Novice: 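The structure is given below, and queries will be raised subsequently.
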Protein chains: 2
Amino acid sequence: MGKGARTRATILTAAVETACLGGFDGLNLKPLADRVGMTKSGLYAHFGSKEALQVATLEHAAELFQARVVAPAKTEPAGLPRLEGVFERWLDWPANAGLPGNCPFFAGVVEFDDCDGAVRERLVRLFRDFRQVVEQLVASAVRHGHLRPGTDPGQFAHELLALRYAHHWAQGFMRDPAALARTQAAFARLAGRAPRELAAGGVR
Amino acid sequence: MGKGARTRATILTAAVETACLGGFDGLNLKPLADRVGMTKSGLYAHFGSKEALQVATLEHAAELFQARVVAPAKTEPAGLPRLEGVFERWLDWPANAGLPGNCPFFAGVVEFDDCDGAVRERLVRLFRDFRQVVEQLVASAVRHGHLRPGTDPGQFAHELLALRYAHHWAQGFMRDPAALARTQAAFARLAGRAPRELAAGGVR
DNA sequence: ATGATATTAGCACGACCGGTCGGAAGCTAA
DNA sequence: TTAGCTTCCGACCGGTCGTGCTAATATCAT
């Protein structure tokens, strides 16, 4: 690992932390360079453009996500436990990976939903890939009899992402202490298991 | 209505549209002034600070939201229909109000979740108020026997917001054509009614 | 050790940011 | 008519932005 690669890794680590706090628009060169003890252009030489820096940061965050959230599933029992494990780790993965602030991917969603470009494209692909992972976990849980037969994996993944999003809102933005309990209760309801306390639900 | 108030309204209309596209960070004075045919400082005289402009824009958007989403509920049958009506209007209210882009409140959530200030404070209050409205609608639906007795309105509101968030992601960002159907199916499941097609759900 | 080549730093440019100021219009009331 | 106030403009401030160019430095094969 050459020195250049090492510096690049240092930069990207700081960049991901910055993106967690201020999003990808907050990835400004000068403050980032100051953080890693470099000048703006010394940093600039590694990427060539702001967009390339954003993409590289996104990529680095995705690797962290893969390692912290998805990969540990391999050692879990297949089916619902594995799915639940991924969801649980997904909830607090930034803190779990030593990152400040909130999930940077969600920041990217609102920052790039109206402006096309390489970052948006990459982010869409990342979400699509992860969604596919979730769908496979759901399908596996169905095969194991942990979820009702006929469950639509796409629909389930949609609602699972909904829960993660609501958690981001309730915990990160509203700072609601009951956020985690609410989200876990919602997951239990989604998975069809009775939550500890009687929660939401309609007439059958 | 004096001339000052009229220009102020013109500015805020354009400001809300801008916020739908670029968020509240994108509320820059010069481009906004150009849009309404004024100079930066002429516009500035109406608000006094950027933060005040953001708050005023938020307020104006909230009035639009109230008029377009909440108010029409008064003429709907009480209970679940009223709740469902609010949810349906909530889904596409920016387009319905003639606004481009996406719901500005969601943009504000990620822009202000880590930086305190007047805008964040106001946004939290808006969300809290709307959440209370939803909870009352849920409680009413329970009293009408449209939702299962014992349904926790807070939990229901949490999951309803989750669905709206997922819709924002799937429709606005991922541009998934199936987004609306997925969201409606999820609402049907949340409300405990059978969706048209077999959707997500767990083992009973 | 030496020369070739990555890699990094210094520096400057043009554009844009939020914000300030003095003054020129236009409206209102006496 | 005239005085006062609201409204708006144009010029300008200090900063920061992304982006290049150039020189110095570190790394590595020979």
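These numbers come from a predicted model, not from an experiment. So that the names make sense, note that chain A is the first sequence line, chain B the second, and so on, each numbered from 1.
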Novice: Does B:Asp152 pair with A:Arg182 as a salt bridge, N-O distance under 4.0 Å?
Specialist: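 Between A:Arg182 and B:Asp152 there is a salt bridge, with a charged N closer than 4.0 Å to a carboxylate O.
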Novice: At less than 4.0 Å, is any side-chain N or O atom of A:Asn28 found next to OP1 or OP2 of D:dT16? Yes or no.
Specialist: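 It does not, given that no N or O in the side chain of A:Asn28 lies less than 4.0 Å from OP1 or OP2 of D:dT16.
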Novice: For the residue pair B:Gln136 / B:Gln132, report whether a side-chain donor-acceptor contact shorter than 3.5 Å exists.
Specialist: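 Their side chains do not contain a donor-acceptor pair, so the 3.5 Å distance test is not met.
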Novice: In whole Å, what is the span from the CZ atom of A:Arg6 to the C1' atom of D:dT27?
Specialist: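 In whole Å, D:dT27 C1' lies 11 Å from A:Arg6 CZ.
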Novice: Just jot down the side-chain contact (heavy atoms from CB on, under 4.5 Å) partners of B:Glu76, sequence neighbours excluded, or say none.
Specialist: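 side-chain contact (heavy atoms from CB on, under 4.5 Å) list for B:Glu76, sorted by chain: B:Ala73, B:Arg82, B:Arg89.
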Novice: Determine the contact category for B:Gly26: base if any of its heavy atoms lies under 4.0 Å from a base atom, sugar-phosphate if only primed atoms, P, OP1 or OP2 are that close, otherwise nothing.
Specialist: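 Result for B:Gly26 = nothing.
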Novice: In whole angstroms, how far is the P atom of D:dC8 from the CG atom of B:Leu43?
Specialist: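 In whole Å, D:dC8 P and B:Leu43 CG are 9 Å from each other.
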Novice: If each of A:Lys30 and A:Gly48 is mapped to the nucleotide of DNA chain D with the nearest heavy atom, which maps nearer the 5' terminus, i.e. the 5' end?
Specialist: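 Result: A:Lys30.
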Novice: At under 4.0 Å, does any side-chain N or O of B:His46 touch on OP1 or OP2 of D:dT6?
Specialist: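 It does not, given that no N or O in the side chain of B:His46 lies less than 4.0 Å from OP1 or OP2 of D:dT6.
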Novice: Should B:Phe24 and B:Leu27 count as side-chain neighbours, where that means a heavy-atom distance under 4.5 Å?
Specialist: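 Sidechains of B:Leu27 and B:Phe24: in contact.
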Novice: Rounded to whole Å, how long is the line connecting atom CG of B:Asp34 with atom C1' of D:dC8?
Specialist: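 My rounded result for the distance is 15 Å.
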Novice: Just call it for A:Leu29: base, sugar-phosphate, or nothing, with non-hydrogen atoms closer than 4.0 Å on any strand.
Specialist: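 Counting heavy atoms under 4.0 Å across all strands, the contact made by A:Leu29 includes a base.
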Novice: Base, sugar-phosphate, or nothing for A:Leu27, non-hydrogen atoms under 4.0 angstrom?
Specialist: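 It contacts sugar-phosphate atoms only.
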Novice: Using the test side-chain contact (heavy atoms from CB on, under 4.5 Å), find all partners of B:Ala52 that sit at least two apart in sequence or belong to another chain.
Specialist: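 Result, side-chain contact (heavy atoms from CB on, under 4.5 Å) vs B:Ala52: B:Phe47, B:Ser49.
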Novice: What's the NZ-P distance between A:Lys40 and D:dG20, to the nearest Å?
Specialist: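 A:Lys40 atom NZ is separated from D:dG20 atom P by 12 Å.
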Novice: Answer yes when B:Arg125 and B:Glu121 have at least one side-chain N-carboxylate O distance shorter than 4.0 Å, and no when they do not.
Specialist: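 Salt bridge: no.
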Novice: OP1 or OP2 of D:dG18 sitting under 4.0 Å from any side-chain N/O of A:Tyr44?
Specialist: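 So the side-chain polar atoms of A:Tyr44 never come under 4.0 Å of the phosphate oxygens OP1 or OP2 of D:dG18.
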Novice: Is it true that B:Arg120 and B:Glu111 have a side-chain N and a carboxylate O under 4.0 angstrom from each other?
Specialist: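 No.
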Novice: Which whole-number value in Å describes the distance from A:Lys50 NZ to D:dC17 C1'?
Specialist: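 After rounding, the gap between these two atoms is 8 Å.
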Novice: Take the protein atom CE of A:Met38 and the nucleotide atom P of D:dT25, then report the distance between them rounded to whole Å.
Specialist: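 So the CE-P distance, A:Met38 to D:dT25, works out to 16 Å.
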Novice: Can you pull the contact range of chain A along DNA chain C, 5' to 3', using atoms under 4.0 angstrom from its heavy atoms?
Specialist: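 Reading along DNA chain C, I get C:dT7 to C:dC11.
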Novice: What integer distance in Å separates B:Asp25:CG from D:dC17:P?
Specialist: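 Spelled out: CG on B:Asp25 to P on D:dC17 is 14 Å.
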